[in-house]
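These notes concern the structure reproduced below.
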Amino acid sequence: MLEKRYDFKTREKHWQDFWRENDIYKFDANAKDKYMIDTPPPTISGNIHLGHVFSYTQIDVIARHERMLNKSVFFPFGYDDNGLPTERYVQKEKKVRMSDMSRSDFISLCIDTTRKMKDVYEDIFSSAGCSADFKNAYSSISPRTQEISQRSFIELYKAGEVERRNSATLWCPECRTAIAQSEIDTVEMDSTMNYLNFSIKDSDEKLQIATTRPELLCACVCVFVHPEDEKRAHLVGKKAITPIYNVEVPIIANPDVDREKGTGAVMCCTFGDEADAKWQKEFDLPILEGIGYNGRITDLAGEFAGMKATEARSAIVAKLEELGVLYDKKPITHAVSTHERCGTAIEIAVRPQWFIKLLEHKDEIYKAGESVKWYPEHTQKRFLNWVDGLKWDWCISRQRLYGIPFPVWYCADCGATIIADENNLPVDPSKTMPNKPCPHCHGTNFVPENDVMDTWATSSLTPQICTDLLTNKGLDDSYIPMDLRPNAHDNIRVWDFYTIAKSLLHFKKLPWRDVMISGWGLSATGTKLSKSKSNGGTLGPHEAYEKYSADVTRYWASNASLGKDVFIQDEEFNNGFKLMQKLWNASRFVLSFLEGYKLTPNTEPEHLEPMDIWILECYKSTYKKFMSYMDKYEMGLALNELEQLFWNFCDNYIEIAKNRLYKPEIYGEPAKESAQYAAGCVLLGMLKLFSIYMPHVTEEIYQDYFAEIEGQKSIHTSGYLELTPENTSQTLAYGNKVCDIVSQVRGYKSQNNLSMKDEISKVTILGLYCTVESFVKDCANDIKAVCSIKELEFEKGQQEEVKIEK
RNA sequence: GGGAGCUUAGCUCAGUUGGUAGAGCAUCUGCCUUACAAGCAGAGGGUCACAGGUUCGAGUCCUGUAGCUCCCACCA
């Protein structure tokens, strides 16, 4: 017998322990029917918030659903505790600077800090009832992961897909590292357009140049004008002289120049932006490093050397004004590329870097993007659009400390690249040296590669890293393609993209069959929740669990259309709370009539009352719709269907059936048993469907009666209840007519200020109801009882009508 | 500038092949009814952003317009 009140505060914890102790979610690698999820490993870079709970709950709902379809579900868990985000977090949290510490001290501080954070993360997710396997969680910095990641590097190196080049790279002067195209944000910034006069060699003419980056004047290597620019055609081939530095630079015709922009003449500096980088290559221009790796102006700038770029900018503008070269300034706003991690405007720097070749595989990646199934469907376009716009190979080297090292040394004598032996991975080249002399010059002095790999070079291997937990085979494709990659829309161009790229490079196979793209949980005002900032008053995970319960928090998270952002609003939580209470009360009521009754869900009793058949058909119809939504990962829409059935069950069916349950002496024992069967079955079926959203309360109810009936340890491994379909549509329509009639009598009572139990002396049902006459007539007892009608008559007539006489 | 999504009741959103506009919240009215007052029963409320088109019929399909959001491009 269920308690009067459901005490979620103690029961949720109880069931979480129960599931853990009984290994309910254990994956069986030998199972025939498996479902494999490439779970996103959360980045350890700050406090976890409801936005995370939002995403992981949606994944968990899918995992639970597949489990209820009797599949063995591989739902691994991992932590992305590697690389730049973690470094930044640790420095901030521990108030240290990486540059002040030794590499090994800093790394052990990172490992220590992330270990503590992992416990916090696991607690938040398992308290939400997440059924992932936290016990065997992988880490993106563990030796095993390092081994897999380094092996991937070596394989691709041997295949010629990765190479070291000294070429222009996107550079963050704040983090002092190369970054990849996917790590760039674009931010609108205020700036000033400065108009300068360059003089022309052997001429009195002036060439007007507009620039937002006068600090790069020292790195100016040429001036471009448009080939069809008549006014300036005569200047092509002459030399312009840069102000302040008085350096002669060629004036070159270039069709890329936009004649409407600025003055129509461009100074090209190596490098001010990506266009400069492109032009440098095209015209084979010299490379002058105006800004150093630290973001400061170099010696090229003479008196300005050592200044930060922004300081230098104003100093140089002042100087230009003083020289009378600056003839105009206009404030503008323009888009600036910034590093997503720190917001600093990126520069372009030349330095030897490791690249994975992507540009030459664009077509294959594009086609793979077409083959993967994206849910919702339109997210595919976002992926394809990104692949279309790809401009850089993937720079995977980072000039940082905390990451997976390259398994690479350089021969000190001949400069040859020495790749580590695949049997000796993982390797830290700064600690270990090659075990053989240089194959080229037989030298024995080596310089380690001190850069570390981009975190995505490793994260892109999660299908291998997580299935390695099963196979111990490392870089292996036995489980590829997996069934599902779930993540939010911000990761389409990053994690999804890189994973597909690597899977193609290594295995020529898709990493997974489906991608489910979820939205974000946003604050009540629609702002993005942030790990590093507090989100002023926004509900936190534990607050939510305590105030509303984990089940209700999950209800909020999963009650959204796929891919849509959802606000954290009390109303939604309140709805979930009401649902949970209602589920409890309705179950308590139904179960109170099942004591001593042995429910046999798959064997119907000989006699079934019409409205019992009706509710069973309602269930079957909902079940079908529910499944078709879940096939598309539309868990929110599936939930809506289910809720509709549930409220219909409560408000109409239970009210109708309760009289037969209470008074078998009036309505007969078979009519009671019919109701016991129908109510029991439909409740059981609904509980199972609800269990993927609200695993705790449904387990509590299930354990009270159904667990024994079904001989199951837990509702979550009990499988859905599928009842054989019948003549659904007619029965549904007929039953709905009965509900109509009941509703009209209820309306009459409402309008006449009557209580629902007040008796109505006579009701006549006329007309159109004749088409369903026998069904409705067979429900006469139910109708009379639920509406307290003394006399009920049926008459043929033209119009459908319910006549009520008080 | 290119791509995607959105625009439906006061609010948050459903609306799967075209066929009489839906839910929850909010508002109003009534009701302690042997599960539930954190409840129940009812009621009001919408030119489905706008303009065209296809169709017997359009929230749904097509074209265009406007506004909002996101991604990409735009850094002289």
Side-chain angles (χ1 to χ4, degrees), chain A residues 2 4-5 181 184 186-189 191 193-195 209-213 216 223-224 256-258 261-269 272-276 279 332-337 345-346 376 378-391 489-490 492-493 519-520 526 559-561 563-567 569-572 574-575 577-593 625 628-629 632 634 636-637 640-641 643-644 647 650-651 654-655 658-659 661-663 742-758 786 788:
Chain A
L2 297 177
K4 173 109 177 135
R5 295 259 167 211
Q181 189 181 346
I184 294 175
T186 307
V187 179
E188 280 291 319
M189 283 191 183
S191 182
M193 185 66 79
N194 302 285
Y195 294 86
I209 301 278
T211 179
T212 54
R213 304 206 57 188
L216 283 174
V223 173
F224 288 120
D256 281 354
V257 171
D258 181 346
K261 232 180 215 176
T263 61
V266 191
M267 71 168 188
C268 177
C269 308
D273 61 23
E274 290 172 34
D276 290 337
W279 294 333
I332 58 159
T333 60
H334 65 170
V336 178
S337 296
I346 60 123
H378 65 84
T379 52
Q380 180 182 60
K381 284 251 166 81
R382 256 173 91 159
F383 179 88
L384 299 179
N385 202 15
W386 171 258
V387 177
D388 257 342
L390 200 62
K391 288 193 304 193
H489 45 60
D490 55 332
I492 295 173
R493 68 181 170 121
W520 277 333
N559 192 18
S561 284
K564 281 203 177 164
D565 298 344
V566 164
F567 305 129
Q569 281 179 324
D570 282 342
E571 288 89 351
E572 274 307 308
N574 283 333
N575 284 345
F577 199 83
K578 283 186 195 171
L579 174 66
M580 185 173 73
Q581 297 292 3
K582 190 85 176 171
L583 206 49
W584 183 257
N585 286 319
S587 301
R588 196 159 64 91
F589 178 78
V590 172
L591 292 185
S592 73
F593 289 102
K625 288 185 209 156
S628 79
Y629 277 130
K632 296 182 281 184
E634 286 285 6
L637 300 179
N640 286 345
E641 284 296 331
E643 275 189 272
Q644 227 172 69
W647 291 100
C650 293
D651 298 340
I654 288 188
E655 290 302 322
K658 71 167 34 158
N659 295 289
L661 289 167
Y662 273 121
K663 297 169 193 164
V742 170
S743 170
Q744 289 191 49
V745 181
R746 284 168 167 173
Y748 174 86
K749 290 187 182 180
S750 251
Q751 276 151 31
N752 292 285
N753 298 0
L754 295 173
S755 160
M756 286 303 139
K757 69 174 180 190
D758 285 342
V786 71
S788 308

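Here is how names work: the chains are called A, B, and so on, in the same order as the sequence lines, proteins then strands, and each is numbered from 1. Below, each value reflects all heavy atoms present in this structure, side chains not excepted, and no hydrogens, waters or symmetry copies.
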A:T212 has a side chain; which of B:C36, B:C72, B:C75 sits nearest to it?
B:C75
Touch check for A:D651, heavy atoms < 4.0 angstrom, all strands: base, sugar-phosphate only, or nothing?
sugar-phosphate
Using whole Å, what does the distance between atom C1' of nucleotide B:A23 and atom CG of A:L579 come to?
14 Å
Distance-only, no hydrogens or angles: does the A:N575 side chain make a donor-acceptor pair with backbone N or O of A:E572 under 3.5 Å?
no
For A:N574 and B:G39, what is the distance between atoms CG and C1' respectively, to the nearest whole Å?
15 Å
Among the candidates B:A41, B:C75, B:A14, find the nucleotide nearest to the side-chain atoms of A:H334.
B:C75
Can you tell if the side chain of A:K582 reaches within under 4.5 Å of the side chain of A:C650, non-hydrogen atoms only?
yes
Whether A:S755 contacts B:U33 is assessed here as follows: a side-chain N or O lying under 4.0 Å from the phosphate OP1 or OP2. Is that the case?
yes
At less than 3.5 Å, do the side-chain atoms of A:S337 and the base atoms of B:C75 form a donor-acceptor pair?
yes
Measuring from the side chain of A:Q751 (C-beta onward, heavy atoms only), which nucleotide among B:U33, B:A73, B:A43 has the closest atom?
B:A43
The side chain of A:H378 is closest to which nucleotide in this list: B:C72, B:G5, B:A76?
B:G5
Classify A:E188 by what it touches in the nucleic acid, base, sugar-phosphate, or nothing, heavy-atom distance under 4.0 Å.
nothing
Out of B:C25, B:C36, B:A76, minimum distance to the side chain of A:N585 belongs to B:C36
Taking only N and O in the side chain of A:K381, is any of them less than 4.0 Å away from OP1 or OP2 of B:G2?
no
Residue pair A:W647/A:L637 against RNA chain B: nearer the 5' end by closest nucleotide is A:L637
If we ignore hydrogens and angles and just use 3.5 Å, is the side chain of A:D276 paired with the main-chain N or O of A:D273 as donor and acceptor?
yes
How far, in whole Å, is B:G19 from B:A38 if one measures between their P atoms?
41 Å
Atom CG of A:D758 and atom P of B:G42 are separated, to the nearest Å, by 16 Å
Students often get this wrong, so: under 4.0 angstrom with heavy atoms, is A:M189 touching a base, only sugar-phosphate, or nothing?
nothing
Report the nucleotide, chosen from B:U12, B:C25, B:A41, that has the shortest atom-to-atom distance to any side-chain atom of A:Q569.
B:U12
Distance check, P atoms only: B:A76 and B:U54, in whole angstrom units.
49 Å
Spacing of the P atoms in B:C72 and B:C61 (rounded, Å)
28 Å
Taking the nucleotide of RNA chain B with the closest heavy atom to each, which residue, A:V566 or A:A265, is nearer the 5' end?
A:V566
Between B:C71, B:G30, B:U12, which nucleotide has the shortest distance from any of its atoms to the side chain of A:F567?
B:U12
Nucleotide B:G1, atom C1' - distance to NZ of A:K261 in whole Å:
11 Å
Looking only at the side chain of A:R382 (C-beta and beyond, no hydrogens), which of the listed nucleotides B:C71, B:A76, B:C25 gets closest?
B:C71
Nucleotide nearest A:N575 (side chain, heavy atoms from C-beta), chosen from B:C25, B:A38, B:A76:
B:C25
Does OP1 or OP2 of B:C36 have a side-chain N or O of A:K4 closer than 4.0 Å?
yes
When the P atoms of B:U34 and B:C40 are considered, how many whole Å apart are they?
15 Å
Counting heavy atoms from C-beta on, name the nucleotide in B:U33, B:C74, B:A76 closest to the side chain of A:A335.
B:C74
To the nearest Å, give me how far apart CG (A:D256) and P (B:C74) are.
12 Å
How is A:C650 classified with respect to the nucleic acid when contacts are heavy atoms under 4.0 Å: base, sugar-phosphate, or nothing?
base
Keeping the roles fixed (side chain from A:R493, backbone from A:W386), state whether a donor-acceptor pair exists under 3.5 Å.
no
Pick base, sugar-phosphate or nothing for A:R213, based on heavy-atom distances below 4.0 Å to the nucleic acid.
nothing
Expressed in whole Å, how much space separates the C1' atoms belonging to B:G59 and B:G15?
8 Å
Check whether any side-chain nitrogen or oxygen of A:S750 sits under 4.0 Å from OP1 or OP2 of B:C31, and answer yes or no.
no
Contact class for A:N385 vs. all strands (heavy atom < 4.0 Å): base, sugar-phosphate, or nothing?
base
At 4.0 Å (heavy atoms only), tell me whether A:E655 reaches a base, stays on the sugar-phosphate, or touches nothing.
base
If you compare every side-chain N and O of A:R746 against the phosphate oxygens of B:C40 (OP1, OP2), does one of them come in below 4.0 Å?
no
Using only side-chain N and O atoms of A:S561, determine if any of them is under 4.0 Å from OP1 or OP2 of B:A14.
yes
Using the C1' atom as the point on both nucleotides, what is the distance between B:C6 and B:A41, in whole Å?
37 Å
Centroid distance under 5.5 Å and plane angle under 30°, A:F577 vs B:A38:
yes
Using the P atom as the point on both nucleotides, what is the distance between B:G1 and B:G64, in whole Å?
15 Å
In whole angstrom, give the distance that lies between atom CD of A:Q181 and atom C1' of B:C71.
12 Å
With respect to the phosphate group of B:U69, does any side-chain polar atom (N or O) of A:H489 fall under 4.0 Å of OP1 or OP2?
no
Minimum heavy-atom separation for A:I654 to A:A586, with atom names?
CD1-CB, 4.2 Å
So, does A:K749 use its side chain to make a donor-acceptor pair with the main chain of A:M756 at under 3.5 Å?
yes
Base, sugar-phosphate alone, or nothing: which one does A:Y748 contact when heavy atoms must sit under 4.0 Å apart?
nothing
Using a heavy-atom cut-off of 4.0 Å across all strands, would you classify A:K582 as base, sugar-phosphate, or nothing?
base
Search all heavy atoms of A:R213 against all heavy atoms of A:M267 and return the closest pair with its distance.
O-CE, 3.8 Å
Looking at every strand, decide which applies to A:S743 at a 4.0 Å heavy-atom threshold: base, sugar-phosphate, or nothing.
sugar-phosphate
How far apart are the closest heavy atoms of A:A560 and A:V566, and which atoms are they?
CB-CG2, 3.2 Å
Between A:N752 and A:Y748 (side chain of the first, backbone of the second, donor and acceptor by atom type, cut-off under 3.5 Å), is there such a pair?
yes
Under 4.0 Å between a side-chain N/O of A:K564 and OP1 or OP2 of B:A14, yes or no?
yes
How far does the C1' atom of B:C32 sit from the matching atom of B:U7, given to the nearest Å?
44 Å
With heavy atoms under 4.0 Å as the rule, sort A:W584 into base, sugar-phosphate or nothing.
nothing
In the structure I gave you, are the side-chain heavy atoms of A:Q181 and A:L390 within less than 4.5 Å of one another anywhere?
yes
Euclidean distance, atom CE of residue A:M756 to atom P of B:U34 [Å, nearest integer]
13 Å
